[in-house]
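So that the names make sense, note that chain A is the first sequence line, chain B the second, and so on, each numbered from 1. The structure presented is a predicted model; accordingly, all values stated were derived computationally and were not measured.
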Amino acid sequence: MIPHDSPSAEQLVEAVREWLERDVLAGTSGSLQFHARVAINVLAMVEREMQLGAVQAEAHQQRLVALGCADDADLAARIRGGEFDDRLPEVRDAVWASVRDKLRVANPKYVAGS
Amino acid sequence: MEDLANGLRDVLGATSIAGLVRLSGGASRETYRFDADGRALILQRQRGGYERDMAIEVAALRAAAAGGVPVPHVIAASTDPSALGASFTILTAVEGETIARKILRDERFATARAALAGQLGTAAARLHAVDPAGPVDFPVDDPLDGLRTTLDRSGEPHPAFELVFRWLQQHLPAPRPQVLVHGDYRLGNLIVGDDGLRAVIDWELAHLGNPMEDLGYLCVKAWRFGATLPVGGVGSYHQLFEAYEAAGGGPVDPAEVHWWEVLGTLKWGIICITQALAHTSGAARSHELAAIGRRVCENEHDLFLALEGHW
């Protein structure tokens, strides 16, 4: 349990993002507007990570356990060392699933568009 | 700016320097535009401490021009910092558009888009036929070693990239005689007019390597900027390869170009990691750079798409 009052961290980030969208974008142009857009995208990403993060962490952990790996560093080192050469399709499926999860937070349109 | 204008007047032996404006400031250099006695020119000035030698780029520009590649003409260049405070190159200003999204979407570039893939094939063939011998020894890059070193230096594990490194090592194409390659041959580094390719710019990464590197990099999905056609979003592989061969570029093996396209996608992904590191290390605090770190997974996804059916 967390001791904090309402609004939640997610709602606070949302409030700032909405202000950027509503007031800042309209009042800026050129490079400043571009960087405001980047900021909006970053905050929206943080909101998605707050929503999906716990479920994704669990799924990622299960994929690592199924491969007998402690973490991504372990998995990366063992792929590099050739330890997984005889079960590559399984490893690829697991890694691609994690990549799709990263995209669902970072840029959901990217998965949908390709 | 006043000092810079005076320096330019001395370097060029010009009577008047007018309209000096800064166009952009990248990580490694500043770009300015100005008129010298009525002639539109571009100044590129290196930032202090940047390790890449501008002499290499100038030599590549001159060699490419001699070989018939459309490039800006080098008016003056020096690695002596006494004249303008740092190494510099002064080039003719080529009129046209460099912003990829405009080239890909604006109606005025419809004719250019239809011609561009073929023109890029022809330009690459001419570049790769250039004799690289000259006053400067171009660097020789081992593409896989360089990427491996950069990724390891980042300290971040990327299982997807490890799978791709393994695939690249296991499918190495047969070596070809090394030629002068551009090294960053893509939309964004081209000046395009209504009629098509006007100039290939940004020769900072020119080196000796496999000619297929340039063709493959041009086809990396990130350089289609959301458009669908494989060659920079504007053309087909067939258009590119046919023009390359017709201009004397030698036979193209599509599987070999695909290997370089995969390598180029990996390379761009690793560059995205280093961009985010510029923020997190404190070298250049910027939320824009920070956000690029979260684009690495786009490259990982692109790699899985590019390798489907090829594993």
- Message: Can you classify the ring geometry of A:Trp96 versus B:Phe304 as parallel (below 30°), tilted (30 to 60°) or perpendicular (above 60°)?
- Response: parallel

- Message: Could you check whether any side-chain heavy atom of A:Val95 comes within less than 4.5 Å of a side-chain heavy atom of B:Phe161, counting everything from C-beta outward?
- Response: no

- Considering all heavy atoms, the nearest B:Cys297-A:Val99 contact: O-CG1, 3.6 Å

- Item | A:Phe34 and B:Glu288, any side-chain heavy atoms less than 4.5 Å apart | yes

- Message: Need one label for B:Arg294: side chain, backbone, both or neither, based on atoms under 4.5 Å from any heavy atom in chain A.
- Response: both

- Item | Segment of B:Glu156 engaging chain A (4.5 angstrom heavy-atom cut-off) | neither

- Quick check: does any side chain N or O of B:His287 sit under 3.5 Å from a backbone N or O of A:His35, one acting as donor and the other as acceptor? yes

- Mark yes when over 12 heavy atoms from residues, nucleotides or ligands other than B:Arg295 sit less than 6.0 Å from its CZ; otherwise mark no. no

- Among B:Asp152, B:Leu307, B:Thr228, single out the residue with the greatest number of heavy-atom pairs under 4.5 Å to chain A. B:Asp152

- Is it the backbone or the side chain of A:Asp72 that comes under 4.5 Å from a heavy atom of chain B, or both, or neither? both

- Query: Are A:Asp85 and B:Gln170 side-chain neighbours, meaning at least one heavy-atom pair lies under 4.5 Å?
  - Reply: yes

- Message: Would you say CH2 of A:Trp19 has more than 12 non-hydrogen atoms from neighbouring residues, nucleotides or ligands within 6.0 angstrom?
- Response: no

- Message: Could you report the tightest heavy-atom contact between A:Ala73 and B:Pro157, atom names first, then the distance?
- Response: CA-CB, 3.5 Å

- Item | Among A:Arg92, A:Arg80, A:Arg78, salt bridge (charged side-chain N to carboxylate O under 4.0 Å, His left out) partner for B:Glu162 | A:Arg80

- Task: Heavy atoms only: give me the nearest A:Ile79-B:Pro159 pair and the separation to one decimal.
- Result: CD1-O, 3.7 Å

